[in-house]
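What follows is a set of notes on a single structure, which appears directly below.
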Amino acid sequence: MYRSDFLQSLAARGHIHQLTDAEALDAAAAAPGLAAYVGYDCTAPSLHVGNLATIMLLRRLQQHGGRPIVLLGGGTTRIGDPSGKDSQRQLLGDATIAANKASIRTAFERFLRFGDGPGDAIMVDNADWLDGLALIPFLRDYGRHLSVNRMLAQDSVRLRLEREQPLSFLEFNYMVLQAYDFVELARRHGCRLQMGGSDQWGNIVQGIELGRRVGCPDLLGLTTPLITTADGAKMGKTARGAVWLNRDQLPDWDYWQFWRNTDDRDVGRFLRLFTDLPEDEIRRLERLEGAEINAAKVALANAATAMCRGEEAARQAEATARATFAEGAAGDALPEARVHFPVGVVDALTAAGLAASRGEARRKLAEGAVRFDGDVVTDPDARLAGPGRLSLGRKRHARLVAA
RNA sequence: GGAGGGGUGGCCGAGCGGUCAAAGGCAGCAGACUGUAAAUCUGCCGGCGUCAGCCUACGUUGGUUCGAAUCCAACCCCCUCCA
């Protein structure tokens, strides 16, 4: 078993997939001030719950005395990570990347404490060193240490080649630059550990190898398992889109609901991975059976929402859930739709976003799925006279208010 | 460069002159049962509509035809085999 609190905690909570050198890492983590980083692409205006697995690694590191480094890939996003893709990703414009970067960074402040103190997290952007890189000096200093043979064996490259899918030289360089990032962070910030999802293993190892050859000998790597739900889907990808961390991409209510609707079988695992609740509390919650387990889901939703969106957001969502589901009222946190009364049900449904089209609204009315203030509405010509709670099915609700 | 095969709705995949808004599966939505869970069963699943109909869709652009996802031509892209 591990001696350091950090690794003990990660192991107990299910965060560890692979380690490059367990003993060395354990020793490094036992001393205070271990610096570790995770890199994030700026491909979207917000990170999503799929990124939470590694964000939690940084959080746990800080909780146990380490120094988290958030690396924003302002430079590498201009290239595009080929891992897990069969075709080149659409190249993003610099303006988009800059906007995404600005938007992404806000989310981290909820999970980590930033500052100038010894245990404070810092945020860096690899554009700072990548953008100005001069090709010939770079090739002479680093290129000679990078083995093409080895790179060709990397999954991200090999799979593309085996399937005879195109791989541009641009993308081929992604791992080179990610490897170089690690060396740069080791030099600038004394960073010894790179963490990431299991798909990043190859890239992480490349960085460690490069470090060994250019005078940063003791770099380490750690990956988290790919988190899937009990029914086998990648976590955080719903049909309606990703579950975003940023409030302007996904309202607090929906974020809370995402966690509240966790599969029974995932509750214990998610409590360990995505909340700070202590082990004995989690053990108590996951032992609940039947309808009782809903209490554990509420605890999960509250803890996860409080961490990402703040205590107040969690409280409001919980209160709204109670009002909406237990009392059949309309809680404050429900999405609001502004309409002019009297309004036809069909228009109200589309305005509230409960139906994607008028046709769908009509179909749902015919199916008996629509209720207004709790009463089933089936007539597509019905008009609603004033404010109230419009529901589609039992789960989706909106408050109609006068425009 | 040569010879074949193929590009169909979010995905997979049938259709190969009218009866095609296009079989089937997956995903999704809703109903029943429940616990805002899972499983199961049922219905729905391009848009608009006073439900008759209209519009948009089968790689792209033209053409043949009363009529084309289906035939022809050119172009773009993908796959297999040969050089």
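The analysis underlying the following values was restricted to heavy atoms, covering all of them including side chains, and did not include hydrogens, waters or symmetry mates. Keep in mind that this is a model prediction, so the values were computed, not measured.
The residue Asp264(A) sits close to a base: some heavy atom pair falls under 4.0 Å. Among the protein residues, Trp259(A) comes within range of no part of the nucleic acid, since none of its heavy atoms lies under 4.0 Å from any strand. Looking at heavy-atom distances under 4.0 Å, Glu292(A) makes no contact with the nucleic acid at all. Within 4.0 Å (heavy atoms only), Ala356(A) reaches no atom of the nucleic acid at all. Arg260(A) comes within 4.0 angstrom of a base, heavy atoms only. Using a 4.0 Å heavy-atom distance criterion, Gly359(A) is classed as a sugar-phosphate-only contact.
Between Ser391(A) and the options His397(A), Arg371(A), Arg396(A), a side chain to side chain donor-acceptor pair (under 3.5 Å) holds for only His397(A).
Of the listed nucleotides (U36(B), A30(B), G35(B)), A30(B) has the atom at the smallest distance from the side chain of Leu392(A). The nucleotide whose nearest atom lies closest to any side-chain atom of Ile293(A) is, among G43(B), G35(B), C48(B), G35(B). Closest to the side chain of Lys395(A), out of G35(B), C29(B), A37(B), is A37(B). Out of G49(B), A38(B), G43(B), the shortest distance to the side chain of Glu367(A) is found at G43(B).
G62(B) sits 31 Å from G10(B) when the C1' atoms are compared, rounded to a whole Å. Spacing of P atoms, A57(B) relative to A39(B), comes out at 38 Å, to the nearest Å. Across A21(B) and C51(B), the matching C1' atoms stand 16 Å from one another, rounded to whole Å. For C29(B) and G15(B), the C1' atoms lie 27 Å apart once the distance is rounded to whole Å. Atom name P, nucleotides G59(B) and C12(B): the rounded distance is 14 Å, in whole Å. Distance check on atom P: C58(B) versus U50(B) gives 28 Å, rounded to whole Å. Between C72(B) and C82(B), the two C1' atoms lie 28 Å apart (nearest whole Å). Rounded to whole Å, the C1' atom of G9(B) lies 13 Å from the corresponding atom of C20(B).
The shortest distance between the side-chain N/O atoms of Arg362(A) and the OP1/OP2 oxygens of U50(B) is below 4.0 Å. Within the structure, every side-chain polar atom (N or O) of Arg363(A) is placed at least 4.0 Å from both OP1 and OP2 of G46(B). Taking 4.0 angstrom as the limit, Ser357(A) places none of its side-chain polar atoms (N or O) nearer than this to OP1 or OP2 of G46(B).
Here C29(B) presents its P atom at 23 Å from CZ of Arg358(A), a figure rounded to the nearest Å. G49(B) atom P lies 13 Å from atom CG of Leu365(A), rounded to whole Å. A straight line from CZ of Arg396(A) to P of G28(B) spans 13 Å, rounded to a whole angstrom. In this entry the distance linking CG of Asn294(A) with C1' of A37(B) reads 7 Å, nearest Å. Remark: P of C29(B) and NE2 of His397(A) are 14 Å apart, rounded to the nearest angstrom. Spacing between atom CG of Asp266(A) and atom P of A38(B) amounts to 10 Å, rounded to whole angstrom units. The separation between Asp263(A) atom CG and A39(B) atom C1' is 11 Å, rounded to whole Å. Remark: P of A32(B) and NZ of Lys364(A) are 12 Å apart, rounded to the nearest angstrom.
Under 3.5 Å, the side chains of Tyr2(A) and Ser9(A) contain no donor-acceptor pair of N or O atoms. Using modelled atom types, one finds a donor on one side chain and an acceptor on the other under 3.5 Å when comparing Gln194(A) with Gln178(A). For the residue pair Thr76(A)/Asp181(A), the side-chain donor-acceptor check at 3.5 Å is not satisfied. Side-chain N/O atoms of Gln200(A) and Asn203(A) include a donor and acceptor closer than 3.5 Å.
With the nearest nucleotide of RNA chain B identified for both Pro380(A) and Asp231(A), Asp231(A) has the one nearer the 5' end. For the pair Thr350(A) and Ala369(A), both in contact range of RNA chain B, the more 5′-proximal nearest nucleotide belongs to Ala369(A).
Pair check for C71(B) finds G63(B); Watson-Crick or G-U wobble, both atom distances under 3.5 Å. Across all strands shown, G24(B) forms a Watson-Crick or G-U wobble pair, both distances under 3.5 Å, with C12(B). Base pairing analysis places A3(B) opposite U80(B); the two distances defining the Watson-Crick or G-U wobble pair are each below 3.5 Å. Judged by Watson-Crick or G-U wobble contacts below 3.5 Å, the nucleotide U40(B) has A32(B) as its partner.
A salt bridge links Asp120(A) with Arg113(A): at least one charged nitrogen is closer than 4.0 Å to a carboxylate oxygen.
Side-chain atoms of Thr320(A) come within 3.5 Å of backbone N or O of Ala333(A) as a donor-acceptor pair.
Note that OG1 of Thr229(A) is 8.5 Å distant from CE of Met235(A), once rounded to the nearest 0.5 Å.
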